[in-house]
Amino acid sequence: RTPTFVSAMRRHVRYLALLLCLPAFTSANDLGISFISTQSGNTVTTDVVVTNFDAILSMQFAMKWDPSELEFVSVNDFALPNMANTLNFGLTKVAEGFLYYSWLEPSATNGFTLSDCSAIFRITFNSINGQMPPVTIDPNAMVVEIYNAQDQEIPLVVLPACDGQSRVSGLIYNDTNENCQMDGEEIGMSDCK
């Protein structure tokens, strides 16, 4: 996993802040993400839907799917500022089943807020075998990082979709006690199909 320039700079700033004995960052609610997939003929569309998207300034993660089942066609319907084209997406490995996503909005001093169940973008696929396999988050392909306007790192958790139609797998952590916080025993990847 290779850190981005933005993540490397933030990491150095945080270490400096700790060395200078600045107040510790407070915890915040997890940012939830859902993948809502629908199929029409051989076309599969997957909406990337968020909850608790409150004062967010930047985010990055990698999505994966089975390339023997889904063929990437496009990414569109961008809902965040500065996403008018695909510059925020790494498209070099879509044939291998990976889509990289990175977004930063430095001009929004208070971050950017969306209402729960808002789609931030849509991925379109061709279904190779007529199936609709899940799209998941892969924290091994790219470091998952989300920051709010207070420069607090926000945990990401994959949740069931707002309309209950999501096919979800690949939690960043398994929130077994459902308190929306990553407790010590809730680490690592878990499957929640």
Side-chain angles (χ1 to χ4, degrees), residues 6-7 10 25-40 43-65 73-90 99-125 132 134-139 142-183 186 190 192-193:
V6 172
S7 65
R10 284 203 166 110
F25 299 114
T26 60
S27 62
N29 289 336
D30 301 342
L31 187 144
I33 193 162
S34 301
F35 297 101
I36 302 176
S37 294
T38 57
Q39 186 170 4
S40 176
T43 300
V44 173
T45 58
T46 300
D47 290 331
V48 179
V49 176
V50 292
T51 56
N52 293 330
F53 198 94
D54 186 29
I56 302 300
L57 194 60
S58 69
M59 62 191 308
Q60 71 175 32
F61 53 85
M63 291 152 284
K64 72 174 182 176
W65 59 87
V73 174
S74 66
V75 60
N76 51 32
D77 292 350
F78 311 118
L80 295 170
N82 293 326
M83 283 185 64
N85 54 43
T86 58
L87 291 177
N88 298 87
F89 296 88
L99 177 65
Y100 301 94
Y101 170 65
S102 179
W103 172 78
L104 172 65
E105 181 47 56
S107 65
T109 55
N110 294 324
F112 197 74
T113 299
L114 291 172
S115 59
D116 284 351
C117 302
S118 294
I120 56 173
F121 58 88
R122 171 176 284 174
I123 311 169
T124 303
F125 302 97
M132 192 172 65
V135 176
T136 63
I137 298 286
D138 186 350
M142 180 182 204
V143 175
V144 175
E145 290 185 341
I146 302 168
Y147 286 90
N148 65 14
Q150 293 76 42
D151 202 32
Q152 297 167 323
E153 188 167 5
I154 307 298
L156 174 69
V157 63
V158 178
L159 300 170
C162 296
D163 66 359
Q165 296 179 14
S166 179
R167 299 190 54 196
V168 176
S169 65
L171 286 178
I172 301 307
Y173 70 90
N174 186 9
D175 191 14
T176 55
N177 61 4
E178 298 179 357
N179 68 350
C180 295
Q181 295 180 359
M182 187 169 66
D183 302 315
E186 298 172 339
S190 177
C192 69
K193 288 181 184 174

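Treat the numbers as computed from the prediction; the structure is a model and nothing was measured.
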Salt bridge (Lys or Arg N to Asp or Glu O under 4.0 Å) contacts in which one or both residues fall within residues 44-59, not counting sequence neighbours: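 As it turns out, the salt bridge (Lys or Arg N to Asp or Glu O under 4.0 Å) pairs with a partner in residues 44-59, which skip direct neighbours, are Asp47-Arg122.
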
Polar contact flag, side-chain donor to acceptor under 3.5 angstrom, Thr124-Thr45: no

Gap separating the OG atom of Ser58 from the CG atom of Leu80, nearest 0.5 angstrom: 11.5 Å

Interatomic distance, Phe61 atom CZ to Ser102 atom OG [nearest 0.5 angstrom]: 10.0 Å

Search all heavy atoms of [X] against all heavy atoms of [Y] and return the closest pair with its distance.
X      : Y     : result
Gly111 : Leu57 : CA-CD1, 4.3 Å
Glu105 : Pro81 : OE1-CB, 3.5 Å
Met142 : Ala62 : CB-CB, 3.7 Å
Ala119 : Ala79 : O-CB, 3.2 Å
Leu99  : Gly90 : CD1-O, 3.7 Å
Ile123 : Met63 : CD1-SD, 3.8 Å

For Ser40, all residues meeting side chain to side chain donor-acceptor pair (under 3.5 Å), sequence neighbours excluded: none

So do the side chains of [X] and [Y] get within less than 4.5 Å of each other, counting heavy atoms only?
X     : Y      : value
Thr46 : Ile36  : no
Leu31 : Thr51  : no
Ile33 : Val49  : no
Gln60 : Val144 : no

Step-by-step side chain to side chain contact (heavy atoms under 4.5 Å, CB included) determination, Val158 to Thr136: CA-CA 8 Å; Val158 178; Thr136 63; over 6 Å; no

Worked verdict on Met59 versus Glu145 for side chain to side chain contact (heavy atoms under 4.5 Å, CB included): CA-CA 5 Å; Met59 62 191 308; Glu145 290 185 341; over 6 Å; no

With Phe121 via ring pair (Phe, Tyr, Trp, His ring centres under 6.0 Å) - residues at least two apart: Phe89, Tyr101

Contacts of Phe125 that satisfy ring pair (Phe, Tyr, Trp, His ring centres under 6.0 Å) - sequence neighbours left out: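 Counting only residues at least two positions away or on another chain, Phe125 forms a ring pair (Phe, Tyr, Trp, His ring centres under 6.0 Å) with Trp65.
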
Quick one: does any side-chain atom of [X] pair with a main-chain N or O of [Y] as donor and acceptor, under 3.5 Å?
X      : Y     : result
Thr113 : Ala55 : yes
Asn148 : Ile56 : no
Asp116 : Asn52 : yes

Parallel, tilted or perpendicular, as decided by the 30° and 60° cut-offs, for the rings of Trp103 and Phe112: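 Plane angle over 60°, so perpendicular.
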
